[in-house]
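Chain identifiers are assigned alphabetically (A, B, ...) following the order of the sequence lines, protein sequences preceding nucleic acid strands; residue numbering begins at 1 within each chain.
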Protein chains: 2
Amino acid sequence: MKPKSLNHPHADPFQHFMDVLRSPDLPESSISFLQSCGRPLHLARGEAAELREQEQRTAIFVSEGAAKLVGHVGADREQIVAFCFEGELLILSVTSHTPYTLQALTECRLLAFPAGDLITKVTEATSSAIVERTFLALDQARDASVLLGRKTAQEKLASFLVSMVDRIGVVGPKIIALDLPMSRREIGDCLGLTIETVSRQLTALRNHGIIKTYGRSKITILDMARLSERAVQASCTT
Amino acid sequence: MKPKSLNHPHADPFQHFMDVLRSPDLPESSISFLQSCGRPLHLARGEAAELREQEQRTAIFVSEGAAKLVGHVGADREQIVAFCFEGELLILSVTSHTPYTLQALTECRLLAFPAGDLITKVTEATSSAIVERTFLALDQARDASVLLGRKTAQEKLASFLVSMVDRIGVVGPKIIALDLPMSRREIGDCLGLTIETVSRQLTALRNHGIIKTYGRSKITILDMARLSERAVQASCTT
DNA sequence: GCAGTAGTTTGACCTGAATCAATGACGTGT
DNA sequence: ACACGTCATTGATTCAGGTCAAACTACTGC
């Protein structure tokens, strides 16, 4: 596993998409329509997706790898607004004032669907899956606001790790393993912190015996309870 | 205009909702269905909406007044995640980790629709209006992430004013008038700042001759161009 | 009109995270 | 196995914005 290229667990991204959507009662005509409008994208690590004009409102399915949605402020400041892992659907809708780009975190294979078409032309199960996903993204974005606006660096890191455990964690007996596909810079960009602060907070968590780190990307959670505690998701614990 | 109670420009909130949705081709049956599932809420200034269990996923139409969606961190920290003004539709979907409450900014009159029902049972124009609104909310939430994560206090205030001008500004020749329905505390909660910082930044904008303030809630924008400039929405201005 | 109060502004000071600056570790290519 | 470059960690210092404290102002009810 040295060159670490994609190993294609899903030979056909579209098939993977249909598997994940799980829409059993979708007529054949809709399936072929979907297939015709899904544009495959293959991005190298770090590469940005070229989004066409008509894809301003787009549903992007991640078949393999991981990607990030980045908002830009001025020339040098950037803020990661969403991470997107294998099997997830990222909703892009650019009414926004801020310019956004979609970039590959690792080499990845995507399918881009014009969301307008999907919603108006395929009003069956698929559209409802997209609506579901949109609601989920909205929730995540709002949770992100709370995190960015009101949490301390320590709480941000803990919340980040908890959410990564949820999404890509390998749960074992007693411990949970994480292999993060993003750099410290990317973690910082997503939490509104600098690399140094991310590093310092990881060290703090390590010193408290809550996590252990192996190399740059591997982390094991030793004490999930205390980690969650530090993420302060709950309020009014009365 | 002393007691400043609601003056009911829209006697029937449901009629107002239909007017705003503008779905001409909606069958009579759907209209009556919608009318049956819209629960009217009347909140006094500061009051929190009591959301029922089945309203975890809800579309809330604001017929009169203004409201805020607040996320809570621990017992005392709170973050405003969305403001919602007359004629707008707020989408709530609580998959979130963070607890949220909906509170009245001013006395207001709302209609709460269980969003699940709307989307599955009324797949016509109405549902697409809700989907539209969801996309918009998603955009706003992502812009908020960028603002919270990477903008300075000055930029946050400027961005806030620009967005308020968009939504409730009264555009005149040369100047734009704003009458903000929220307190300094609420502005701060929404921008991840304290009241003091909000106040100081308003003073700074006033000293630069960009805005003028009258009393607590009235602001006029004297120089919209310079205000937008300070909001730094654009990047890559090359 | 006046007093009371909540909301706002201003100032002095403090602190958490950013910035600046080295050093150190991983992983890649030769 | 080695050397290079990128990325990560650690330490010293700075600064934007928070906290604390005190005036001040605008709305409220009387």
Side-chain angles (χ1 to χ4, degrees), chain A residues 1-5 44-46 73-74 76-79 105-107 147-158 160 179-207 211-219 230 232, chain B residues 1-5 44-46 73-74 76-79 105-107 147-158 160 179-207 211-219 230 232:
Chain A
M1 202 177 120
K2 266 291 170 54
K4 205 184 181 181
S5 191
R45 183 181 147 77
V73 183
D76 47 2
R77 274 175 293 173
E78 52 186 51
Q79 170 72 39
L105 224 43
T106 65
E107 181 184 5
L147 177 141
L148 290 164
R150 288 290 179 236
K151 292 192 181 180
T152 64
Q154 177 89 184
E155 291 164 355
K156 284 179 178 179
L157 241 296
F160 173 78
D179 187 357
L180 299 176
M182 69 288 283
S183 68
R184 297 287 185 271
R185 162 160 301 287
E186 288 166 323
I187 297 173
D189 279 348
C190 142
L191 300 175
L193 300 171
T194 58
I195 8 175
E196 294 94 328
T197 303
V198 171
S199 188
R200 274 186 256 271
Q201 296 307 330
L202 281 177
T203 303
L205 289 173
R206 201 183 317 110
N207 291 342
I211 63 167
K212 235 176 192 171
T213 57
Y214 303 91
R216 284 177 184 171
S217 64
K218 285 173 184 56
I219 295 179
R230 272 161 201 254
V232 282
Chain B
M1 202 175 122
K2 266 290 171 53
K4 207 186 178 181
S5 190
R45 182 181 148 78
V73 184
D76 47 0
R77 275 176 292 173
E78 52 185 51
Q79 170 71 41
L105 225 41
T106 63
E107 179 183 6
L147 177 141
L148 291 165
R150 289 289 179 237
K151 291 192 180 178
T152 64
Q154 178 90 179
E155 291 165 355
K156 285 178 178 180
L157 242 297
F160 173 78
D179 187 358
L180 299 176
M182 69 288 283
S183 69
R184 297 287 184 271
R185 162 159 302 286
E186 288 166 322
I187 297 172
D189 280 348
C190 145
L191 301 175
L193 300 171
T194 57
I195 8 174
E196 293 94 330
T197 304
V198 171
S199 186
R200 273 186 258 270
Q201 296 307 332
L202 281 177
T203 304
L205 289 173
R206 201 183 317 110
N207 291 343
I211 63 168
K212 233 174 191 172
T213 56
Y214 303 91
R216 284 176 184 169
S217 64
K218 284 175 185 53
I219 295 179
R230 273 162 200 254
V232 280

Closer to the 5' end of DNA chain C via nearest nucleotide, is it A:Tyr214 or A:Ala153?
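Per heavy-atom nearest nucleotide, the more 5' residue is A:Ala153.
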Starting at atom [atom1] of [X], determine the distance to atom [atom2] of [N], rounded to an integer number of angstrom.
| X | N | atom1 | atom2 | result |
| --- | --- | --- | --- | --- |
| B:Asp189 | D:dG17 | CG | P | 17 Å |
| A:Leu193 | D:dA8 | CG | C1' | 15 Å |
| A:Arg150 | C:dG16 | CZ | C1' | 15 Å |
| B:Lys212 | C:dT9 | NZ | P | 16 Å |
| B:Lys156 | D:dA16 | NZ | P | 14 Å |
| A:Gln79 | C:dA18 | CD | P | 12 Å |
| A:Lys218 | C:dG27 | NZ | P | 7 Å |
| B:Asp179 | D:dC27 | CG | P | 10 Å |

Touch check for A:Gly192, heavy atoms < 4.0 angstrom, all strands: base, sugar-phosphate only, or nothing?
sugar-phosphate
State which residues pass side-chain hydrogen bond (donor to acceptor under 3.5 Å, both in side chains) with [X]; sequence neighbours excluded, sorted by chain then number.
| X | value |
| --- | --- |
| B:Arg200 | none |
| A:Thr203 | none |
| B:Arg230 | B:Gln154 |

Check: protein-nucleotides 24-26 of chain C nitrogen or oxygen pairs below 3.5 Å:
{"from": "C:dA25", "atom 1": "N3", "to": "A:Arg216", "atom 2": "NH2", "distance (Å)": "3.4"}
{"from": "C:dC26", "atom 1": "O2", "to": "A:Arg216", "atom 2": "NH2", "distance (Å)": "3.1"}

Note: contacts of residues 180-187 of chain B with DNA chain D (heavy atom, under 4.0 Å) are none
Heavy-atom contacts under 4.0 Å between residues 194-205 of chain A and DNA chain D, which residues?
A:Glu196, A:Ser199, A:Arg200, A:Thr203
Among all residues two or more places apart in sequence or in another chain, which pass the side-chain contact (heavy atoms from CB on, under 4.5 Å) test with [X]?
| X | value |
| --- | --- |
| A:Leu148 | A:Gln79, B:Ser145, B:Leu148 |
| B:Thr194 | B:Glu196, B:Thr197 |
| B:Leu202 | B:Leu157, B:Leu161, B:Arg184, B:Val198, B:Ile211, B:Ile219 |
| B:Arg185 | B:Ser183, B:Asp189, B:Ile195 |

I would like to know whether B:Arg77 and A:Thr152 meet side chain to side chain contact (heavy atoms under 4.5 Å, CB included); could you show each step before the answer?
CA-CA 11 Å; B:Arg77 275 176 292 173; A:Thr152 64; 4.1 Å; yes
What are the two closest heavy atoms between [X] and [Y], and how far apart are they?
| X | Y | result |
| --- | --- | --- |
| B:Leu193 | A:Arg150 | O-NH2, 3.0 Å |
| B:Glu186 | B:Leu105 | OE2-CD1, 3.3 Å |
| B:Met182 | B:Ile187 | CG-CG1, 3.6 Å |

Heavy-atom count around A:Arg206 CZ within 6.0 Å, excluding the residue itself: above 12?
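More than 12 heavy atoms, drawn from other residues, nucleotides or ligands, come within 6.0 Å of this atom.
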Using C1' atoms of five pairs at each end, report the bend of the helix from C:dG1-D:dC30 to C:dT30-D:dA1 rounded to 10 degrees.
50°
Salt bridge (charged side-chain N to carboxylate O under 4.0 Å, His left out) partners for A:Lys218, two or more places apart
A:Asp179
